[in-house]
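Notes to accompany the following structure.
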Amino acid sequence: MRRVSRLAAVAAAVALLLTGCSSGGTADDGKITLEFQSLAWQKESVDANKQLVKEWNAAHPDIQVKYVQGSWDSVHDQLLTSFEGGEAPDVIHDASDDLADFAYGGYLADLRDLLPARLKSDIPQHSWETATFGDGVYGVPFLQEPRVLIANAKILKAAGVRIPTPEKPWSWEEFRAVTKKLSGGKKFGVAWPLKEPVSATLNLSLSAGGRMFHRGADGKVTVRFDAADQVVPRTVHDQVVDTDGSASGATLGMGGSDTLPGFFAGKYAMVPLGFSYRQQIVQQAPKGFDWQVLPAPAGRDGLAQGVSPQTLSVAEDSPHKKEAAQFIDFLLRPPNMVRLALGDWMLPTGTEALKDPALHTEKNDWATGTALAGDLRSAPAQSVRGYAEWKDKVATPALQEYYSGSIGLGELRKRLVEDGNLVLARYQR
């Protein structure tokens with residue numbers, strides 16, 4: 001998740017204050033007003049959120065919800081500023097990998113005694129783990145997306161390669177072999193958009209049994225870089241560097257959207273992207289462009305991969321925690337969770353919502369993504385204090401240099417482990 005400077009965060013908080021972002025309260029007539037800060041940004045998603053707020057308000061005249069628009073670009077620092085200033089919204093939309101500092105800092109309410117049994121049982125335990133810090137649960141995970149391979153179906157068919165399915169995915173070795181077969185001239189079998197390489201590397205490594213972060217009996221976390229952790233990094237490195245030559249080095253500094261023009265032009269046969277990128281492809285692809293969603297490669301642990309779901313939390317300082325939890329329960333009733341998932345082109349975490357026929361259609365390959373939901377796990381770094389600094393100062397530059405061929409595997413291990421453990425140690429004294 002991107003961060004902005006503290007000055008920018010203050011400006012963002014001031015802007016929200018000027019538009020009426022202040023803690024909800026109780027009016028003289030006894031009516032309660034809750035503030036719900038949403039990070040929805042796509043039109044379909046914003047429309048779905050606003051419509052659900054409208055429906056809640058119509059059915060609850062004494063508990064009104066005010067919709068406040070936030071931004072993914074600045075949410076961490078904006079929330080920190082609002083927490084410290086006592087102006088946090090009652091209901092907070094964020095991502096699970098952004099919650100640790102707020103949870104440990106006492107800014108978020110423990111939801112264990114606030115949420116109804118229906119909601120607790122509907123979301124699987126492995127999803128709840130993404131928002132569990134210490135003994136408390138500080139967010140409700142509700143939307144998630146697997147990383148998948150978006151493929152040019154015409155190129156794959158012409159090459160005669162086996163098309164993987166969730167039931168019979170490619171192994172990492174077969175994936176390498178396929179990308180080599182699809183490469184030649186100025187065309188590549190795969191484009192890796194790794195402007196932010198850490199989360200992609202860690203989350204995909206779960207399939208190979210990699211975790212990198214290991215918690216000891218004393219509760220402290222250390223970094224290791226074992227054989228299982230090396231499968232994904234070595235795959236990317238060998239595809240980019242001359243061992244395979246099946247991936248373009250030019251895309252390593254790109255974000256996912258940056259690779260789409262080359263993908264549409266046939267320069268890359270496949271691009272590993274989040275499942276929600278399908279919306280951009282539908283909107284931007286040339287007429288008649290034939291694409292399909294394929295599962296990411298599987299390793300010794302199958303199709304397992306880490307995710308950091310979107311979450312809904314309640315501010316610890318909210319005077320209306322019970323009502324805020326009731327609103328979250330309303331938002332995440334199975335039919336409503338489906339509406340939110342469709343608006344964001346993502347998957348719901350709820351087991352009932354995942355059964356909805358709208359998420360099992362062949363159109364836009366919803367069925368392929370939904371079939372992967374059971375393999376999604378908490379991202380390895382989810383509860384690691386100091387992860388943000390390790391990622392920014394150690395892992396990101398080290399992985400970028402390794403993927404480009406500037407350093408070897410030994411130097412990568414040294415940086416991730418030796419330098420990384422020095423960083424984590426400061427947070428665990």
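Excluded from the calculations below are hydrogen atoms, water molecules and symmetry mates; all remaining heavy atoms, backbone and side chain alike, are included.
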**Message:** Using a 3.5 Å distance criterion without hydrogens, assess whether the side chain of Thr251 forms a donor-acceptor pair with backbone atoms of Met254.
**Reply:** no
**Request:** Please step through side-chain contact (heavy atoms from CB on, under 4.5 Å) for the pair Val282 and Tyr277, ending with a clear verdict.
**Result:** CA-CA 9 Å; Val282 168; Tyr277 273 87; over 6 Å; no
**Item:** Nearest non-hydrogen partners of Pro295 and Pro166, listed with the distance
**Value:** CG-N, 3.8 Å
**Item:** Heavy-atom side-chain contact between Leu111 and Leu114 under 4.5 Å
**Value:** yes
**Message:** Any donor-acceptor pair under 3.5 Å linking the side-chain atoms of Gln37 with those of Gln78?
**Reply:** yes
**Item:** Closest non-hydrogen atom pair, Gly369 against Leu347
**Value:** O-CD1, 3.3 Å
**Prompt:** What about the rings of Phe264 and Phe289, do their centers lie closer together than 6.0 Å?
**Reply:** yes
**Message:** Treating Gln230 as the side-chain partner and Phe225 as the backbone partner, does any N or O pair qualify as donor plus acceptor under 3.5 Å?
**Reply:** yes
**Request:** Please say whether more than 12 non-hydrogen atoms of neighbouring residues, nucleotides or ligands are located less than 6.0 Å from NZ in Lys393.
**Result:** no
**Asked** So, the side chain of Arg118 versus the backbone of Leu115: is there a donor-acceptor pair under 3.5 Å, distance only?
**Response** no
**Euclidean distance, Gln400 CD relative to Ile407 CD1, rounded to 0.5 Å** = 10.5 Å
**Item:** Shortest non-hydrogen contact from Ala40 toward Val46
**Value:** O-CG2, 3.4 Å
**Prompt:** Asn421 side chain to Thr222 main-chain N or O, any donor-acceptor pair under 3.5 Å?
**Reply:** no
**Message:** Parallel, tilted or perpendicular: which one describes the rings of Tyr387 and Phe213, with boundaries at 30° and 60°?
**Reply:** perpendicular
**Prompt:** How long is the span from the CG atom in Asn152 to the CZ atom in Phe263, to the nearest 0.5 Å?
**Reply:** 5.5 Å
**Item:** Chi angles and distances behind the side chain to side chain donor-acceptor pair (under 3.5 Å) call for Gln305, Ser207
**Value:** CA-CA 6 Å; Gln305 63 173 280; Ser207 67; over 6 Å; no
**Request:** Indicate whether any N or O donor in one side chain lies under 3.5 Å from an N or O acceptor in the other, for Glu196 and Thr396.
**Result:** no
**Asked** Hey, are the side chains of Arg176 and Asp244 touching, using non-hydrogen atoms and a 4.5 Å cut-off?
**Response** yes
**Asked** Is there a donor-acceptor pair closer than 3.5 Å between any side-chain N or O of Arg415 and the backbone N or O of Asp419?
**Response** no
**Request:** Kindly give the heavy-atom pair with the smallest separation between Leu143 and Thr349, and that separation in Å.
**Result:** N-CG2, 4.1 Å
**Message:** With side chain to side chain donor-acceptor pair (under 3.5 Å) as the criterion, how do Glu44 and Trp345 come out once you've worked through the C-alpha distance, each side chain's angles and the decisive distance to 0.1 Å?
**Reply:** CA-CA 9 Å; Glu44 295 166 275; Trp345 290 64; 3.2 Å; yes
**Asked** Do you know which two heavy atoms are closest between Leu108 and Ala103, and how far apart they sit?
**Response** CD1-N, 4.2 Å
**Message:** Strictly below 4.0 Å, N to O, side chains only: are Lys355 and Glu352 in salt-bridge contact?
**Reply:** yes
**Prompt:** Are the side chains of Pro193 and Asp258 in touch, meaning some heavy atoms are under 4.5 Å apart?
**Reply:** no
**Request:** For side-chain contact (heavy atoms from CB on, under 4.5 Å), just list the numbers for Leu294 and Met270, CA-CA rounded to whole Å, side-chain angles, deciding distance to a tenth of an Å, and then say yes or no.
**Result:** CA-CA 9 Å; Leu294 309 176; Met270 294 179 285; 4.2 Å; yes
**Side-chain heavy-atom pair Ser38, Tyr67 within 4.5 angstrom cut-off** = yes
**Request:** Kindly say whether Leu424 contributes a backbone atom to a donor-acceptor pair with the side chain of Gln428 at under 3.5 angstrom?
**Result:** yes
**Item:** Side chain proximity check, Asn49 to His93, heavy atoms < 4.5 angstrom
**Value:** no
**Message:** Would you compute the distance between atom CD1 of Ile92 and atom CG of Leu39 and round it to the nearest 0.5 angstrom?
**Reply:** 10.0 Å
**Prompt:** Between the main-chain N or O of Ala177 and the side-chain N or O of Lys180, is there a donor-acceptor pair closer than 3.5 Å?
**Reply:** no
**Asked** Hey, does the side chain of Trp170 reach the backbone of Arg162 with a donor-acceptor pair shorter than 3.5 angstrom?
**Response** yes
**Message:** Tell me if a side-chain donor or acceptor on Lys120 pairs with a main-chain N or O of Arg112 at a distance below 3.5 Å.
**Reply:** yes
**Asked** CG of Leu273 to OG of Ser257: how many Å apart, nearest 0.5 Å?
**Response** 8.0 Å
**Heavy-atom check, side chain of Gln382 versus side chain of Asp97, under 4.5 Å** = yes
**Prompt:** Do we see a donor-acceptor contact under 3.5 Å between the side chains of Asp344 and Ser45?
**Reply:** yes
**Asked** For the residue pair His237 and Tyr403, is the inter-centroid distance of their aromatic rings smaller than 6.0 Å?
**Response** no
**Prompt:** Heavy-atom distance under 4.5 Å between the side chains of Val232 and Trp172, does that happen here?
**Reply:** yes
**Item:** Separation of Gln284 CD from Leu260 CG (nearest 0.5 Å)
**Value:** 5.5 Å
**Prompt:** Any salt bridge between Arg413 and Glu418, counting N to O under 4.0 Å?
**Reply:** no
**Asked** Mind checking whether Trp366 and Phe275 have parallel, tilted or perpendicular rings, split at 30° and 60°?
**Response** perpendicular
**Request:** Side-chain contact test, heavy atoms from C-beta onward, threshold under 4.5 Å: evaluate it for Phe142 versus Pro348 and give yes or no.
**Result:** no
**Complete:** Interatomic distance, CD@Gln125 vs OG@Ser378, rounded to 0.5 Å, equals 10.5 Å
**Asked** Leu331 pairs by side-chain contact (heavy atoms from CB on, under 4.5 Å) with which of Leu52, Asn336, Val140?
**Response** Leu52
**Message:** For a side chain to side chain donor-acceptor pair (under 3.5 Å) check, start with the C-alpha distance between Ser205 and Asp229, then their side-chain angles and the critical distance, and finish with the verdict.
**Reply:** CA-CA 6 Å; Ser205 289; Asp229 300 301; 5.8 Å; no
**Request:** Dump the intermediate steps for side-chain contact (heavy atoms from CB on, under 4.5 Å) on Leu194 and Val236, then the final yes or no.
**Result:** CA-CA 10 Å; Leu194 292 175; Val236 177; 3.8 Å; yes
**Request:** Ignoring hydrogens and angles, tell me if any N or O in the side chain of His320 forms a donor-acceptor pair with the backbone of Ala325 under 3.5 Å.
**Result:** no
**Message:** For Lys186 versus Lys267, what's the shortest heavy-atom pair and its separation?
**Reply:** O-CG, 3.8 Å
**Request:** Please assess Ile150 against Trp291 for the test side-chain contact (heavy atoms from CB on, under 4.5 Å), listing each intermediate value before the final yes or no.
**Result:** CA-CA 7 Å; Ile150 307 292; Trp291 60 278; 4.2 Å; yes
**Asked** Would Ser246 and Thr179 count as having a side-chain donor-acceptor pair, cut-off 3.5 Å?
**Response** yes
